[in-house]
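Encoded as structure tokens, the structure appears first; notes follow it.
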Amino acid sequence: MEKKKMTGSQILIESLLKEGVDTLFGYPGGAIMPAFDALYDYRDKIHHVLARHEQGAAHSAQGYARVSGKTGVCLVTSGPAATNTVTGISDAMLDSTPLVVITGQVGAALLGTDAFQEIDVVGITQPITKWAYQIRRAEDIAWAVARAFYIAKSGRPGPVVLDLTKNSQIQEAEFDYKPCTFIRSYIPVPEVNNEQVALAAELINNAKKPYALIGQGVVLAGAEKELKEMLDKADIPAAWTLLGASAMPTDYRLNKGFLGMHGNMSPNMKTNECDVLIAIGMRFDDRVTGDLNTYAKQAKVIHLDIDIAEINKNVKADAPVLGSAKDTIPAISALLKPAKHTEWIDSFKEYDDREYEKVIKKELYPETQSMTMGEVINKVSEATNHKAVIVTDVGQNQMMAARYSKYSQTRSLVTSGGLGTMGFGIPAAIGAKIGAKDRTVCLFCGDGGFQMTIQELGTIMQERIGVKMIILNNDFLGMVRQWQEMFFDERYSFTEIDNPDFITIAKAYKIEGREVSKREDLDDAIADMVKDDKPYLLVVNVEKKGMVYPMMPAGTSVTNIVLGD
């Protein structure tokens with residue numbers, strides 16, 4: 001049977017359909033115009049979301065991927081459009097988010113001539129992708145797309161860039177799509193070593209104070225059920241990293257809270273008290289470990305990870321268990337003896353009580369006239385029955401949202417972890433809402449980060465995306481100000497910020513909103529915000545110099561925790 005001939009642009013779109021793509025985030029332009037022209041005939045099959053800036057398109061694709069479990073896809077033109085996606089690509093690389101970014105490029109005959117809007121996209125993005133490849137012929141498009149999606153989604157997920165020359169989009173070739181399931185020398189999921197599994201199980205069975213640290217690897221593997229079964233069987237208390245949030249429900253009896261610089265007190269303190277530390281799908285980031293010279297030196301370390309590069313990178317593992325958490329957790333669990341560690345688990349309470357009295361009670365139920373970030377976040381979480389997808393920007397709003405939101409189902413926190421990208425919030429919330437249409441999506445932003453990608457309100461307007469946006473407004477770049485207060489003698493160098501009338505701006509984008517400055521108006525405003533599925537902006541003027549506590553100062557021990565005044 002003769003294969004059908006198509007243009008490269010048609011092959012591109014048909015290949016995306018073969019990979020199950022139903023949503024694209026992008027922005028048209030000269031070098032990618034043939035692909036957009038082809039897309040015109042597929043409007044009933046692929047929904048294209050027009051971003052207002054290519055960085056926004058990349059972050060939206062991230063948000064979509066994080067809540068849906070699918071691969072996010074961007075389609076942009078060459079030159080500045082391609083370079084505008086670099087922040088999103090970097091963010092996806094550090095946070096293991098599956099992303100395929102397709103950039104236009106000048107025709108192959110013009111490569112290397114410094115043609116209009118020519119830039120070395122592959123050279124720029126190779127260090128921040130799993131794979132970056134330039135397509136110069138129409139006959140290579142289907143092969144490259146299949147390979148891109150396989151690499152982006154398999155193993156430890158991450159971003160892939162396809163740089164598509166203009167001539168390859170116009171040329172004709174036979175369409176013959178073969179899904180990619182194997183690449184020589186690329187082993188996305190290592191074979192599980194039964195000896196290491198047995199060693200890990202033995203360490204846990206002999207432990208008096210076992211302790212699990214839960215990272216995003218559990219969520220990416222879809223191993224939430226297997227994790228709970230293992231923790232229940234061996235009675236192991238567990239804490240979570242920022243990206244591991246919602247892998248366990250907040251009210252789960254063995255969930256002991258948030259790890260890291262602004263995490264809960266007991267999870268950090270107990271790191272240096274346990275006798276066996278079980279790290280699952282986390283990479284021992286410096287914001288979790290603090291000073292590595294004082295980190296968990298008393299403990300035997302079991303490290304479960306899919307990426308061999310993470311094993312022994314920061315913390316030496318006594319039992320390194322390579323493989324997907326979906327496979328390794330039940331393999332270990334099968335060898336575990338049922339256990340009870342009641343006294344060890346109860347010992348967390350002393351620290352929890354201290355943190356509640358010194359920090360949490362003051363944040364949630366302040367006696368001051370000014371509202372706090374924590375009380376706002378807590379009220380929003382309650383108003384959504386703890387079922388919302390929480391999206392954050394970066395800074396104090398991010399740490400507060402992680403701390404004071406409650407999670408009842410997985411994939412419920414979308415935030416920029418490794419790169420810490422201000423401006424992530426609005427576009428990521430757009431993608432999250434498209435990826436989880438039947439869930440409420442609540443975005444928490446600072447007044448600084450909100451303005452970094454404020455133009456994406458145009459996308460919300462055009463697509464009628466029902467994102468609930470909450471600006472925690474303190475007229476400061478709050479996290480930088482906190483560091484200036486604590487470590488730079490209160491020298492507030494360029495962190496105070498004059499803000500516009502956010503509600504008037506939202507109104508210009510046909511988005512309803514309300515500004516609240518008094519506590520007695522807050523409940524009513526939140527109820528108004530969540531009553532339907534329309535976009536909404538709630539600006540809450542919070543205390544000007546609020547602090548995120550606890551805080552583990554950078555580079556110090558996990559036990560060096562500051563609880564405030």
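Between the side chains of T241 and R283, no donor N or O sits under 3.5 Å from an acceptor N or O. Residues T459 and E456 have side chains that bring a donor and an acceptor to within less than 3.5 angstrom of each other. A donor-acceptor contact closer than 3.5 angstrom is absent between the side chains of D37 and Q169. Between the side chains of Q10 and Y42, no donor N or O sits under 3.5 Å from an acceptor N or O.
Of the residues listed (R481, K545, K544), the one engaging E496 in a salt bridge (Lys or Arg N to Asp or Glu O under 4.0 Å) is K544, and it is the only one. Q105 pairs in a side chain to side chain donor-acceptor pair (under 3.5 Å) with only one of the listed residues (D120, T77, D163, T165), which is D163. None of I151, V73, T71 except one satisfies the side chain to side chain contact (heavy atoms under 4.5 Å, CB included) rule with P98; the exception is T71. Considering I426, I505, N473, N397 as possible partners of F450, the one that fulfils the side chain to side chain contact (heavy atoms under 4.5 Å, CB included) test is I426.
With contacts defined as side-chain heavy-atom distances shorter than 4.5 Å, the pair Q62/F424 qualifies. For the pair N314 and T289, the minimum side-chain heavy-atom distance is 4.5 Å or more. With contacts defined as side-chain heavy-atom distances shorter than 4.5 Å, the pair K433/D533 qualifies. For the pair V86 and I124, the minimum side-chain heavy-atom distance is below 4.5 Å. Side chains of F149 and S15 form no contact here, defined as non-hydrogen atoms less than 4.5 Å apart. When side chains are defined from C-beta on, V562 counts as touching P553, because their heavy atoms get closer than 4.5 Å. Looking at H47 and E463, their side chains come closer than 4.5 Å, going by heavy atoms from C-beta outward. Counting heavy atoms from C-beta outward, L220 and P157 have side chains that approach closer than 4.5 Å.
Around CD1 of I308, the count of heavy atoms belonging to other residues, nucleotides or ligands within 6.0 Å does not exceed 12. Atom CZ of F116 sits in a sparse spot, with 12 or fewer heavy atoms from other residues, nucleotides or ligands closer than 6.0 Å. Within a 6.0 Å radius of NZ in K313, other residues, nucleotides and ligands contribute more than 12 heavy atoms. Heavy atoms of other residues, nucleotides or ligands lying less than 6.0 angstrom from CD1 of I187 number 12 at most. Counting non-hydrogen atoms of other residues, nucleotides and ligands closer than 6.0 Å to CZ of F488 gives a total of 12 or fewer. Around OH of Y27, the count of heavy atoms belonging to other residues, nucleotides or ligands within 6.0 Å does not exceed 12.
In terms of modelled atom types and a separation under 3.5 Å, the side chain of S168 and the main chain of L164 share no donor-acceptor contact. Of the possible donor and acceptor atoms, none in the side chain of K130 sits under 3.5 Å from a partner among the backbone N and O of V160. Remark: side-chain polar atoms of K534 are not paired, donor with acceptor, to backbone N or O of R464 under 3.5 angstrom. In this structure, Q482 contributes its side chain and G478 its backbone to no donor-acceptor pair below 3.5 Å. The main-chain N or O of D475 is found under 3.5 Å from a side-chain atom of D447 such that the two form a donor-acceptor pair. In this structure, the side chain of H262 does not engage the main chain of M399 through any donor-acceptor pair within 3.5 Å. T129 places no side-chain N or O within donor-acceptor distance of the main-chain N or O of P159, the cut-off being under 3.5 Å. Side chain of R66 to main chain of G63: no donor-acceptor pair is present (N/O by atom type, distance under 3.5 Å, no hydrogens or angles). A donor-acceptor contact shorter than 3.5 Å is absent between the side chain of R156 and the backbone of P188. Checking side-chain atoms of K468 against main-chain N and O of M529 turns up a donor-acceptor pair under 3.5 Å.
Scanning both residues, L110 and V106, for their nearest heavy atoms gives CB-CG2, 4.1 Å. Of all the heavy atoms in S246 and Y407, the pair that sits closest is CB-CB, 3.8 Å. Of all heavy-atom pairs between E54 and N84, the closest is OE1-ND2, 2.9 Å. What you find for D305 and H303 is that their closest heavy atoms are OD2-NE2, 3.6 Å. Among all heavy-atom pairs drawn from S324 and A221, the shortest one is OG-CB, 3.7 Å. The minimum heavy-atom distance linking T421 with S416 is given by the pair N-OG, 2.9 Å.
In this structure, the separation between CD on E363 and CE on M373 is 8.5 Å, given to the nearest 0.5 Å. The line from CD1 of I89 to OG1 of T97 is 12.5 Å long, rounded to the nearest 0.5 Å. How far CG of D95 is from CG of L243: 4.5 Å, rounded to the nearest 0.5 Å. The distance from the CD1 atom of I13 to the CG atom of L39 is 5.0 Å, given to the nearest 0.5 Å. To the nearest 0.5 Å, atom OG1 of residue T453 and atom CE of residue M422 are 9.5 Å apart. With rounding to the nearest 0.5 Å, the separation of CE in M479 from CG in L477 is 12.0 Å.
Listed by chain and residue number, nothing satisfies the ring-ring contact (aromatic ring centres under 6.0 Å, His included) test with F444 (two or more places apart in sequence, or in another chain). Y509 is linked by a ring-ring contact (aromatic ring centres under 6.0 Å, His included) to nothing, counting only residues two or more places apart in sequence or in another chain.
Classification of the W131-Y133 ring pair by plane angle, with boundaries at 30° and 60°, yields parallel. By the 30° and 60° cut-offs, the orientation of the rings of W240 relative to F258 is parallel.
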Stepwise, does the salt bridge (charged side-chain N to carboxylate O under 4.0 Å, His left out) test hold for D22 with K70?
CA-CA 10 Å; D22 56 15; K70 299 178 182 178; 3.3 Å; yes
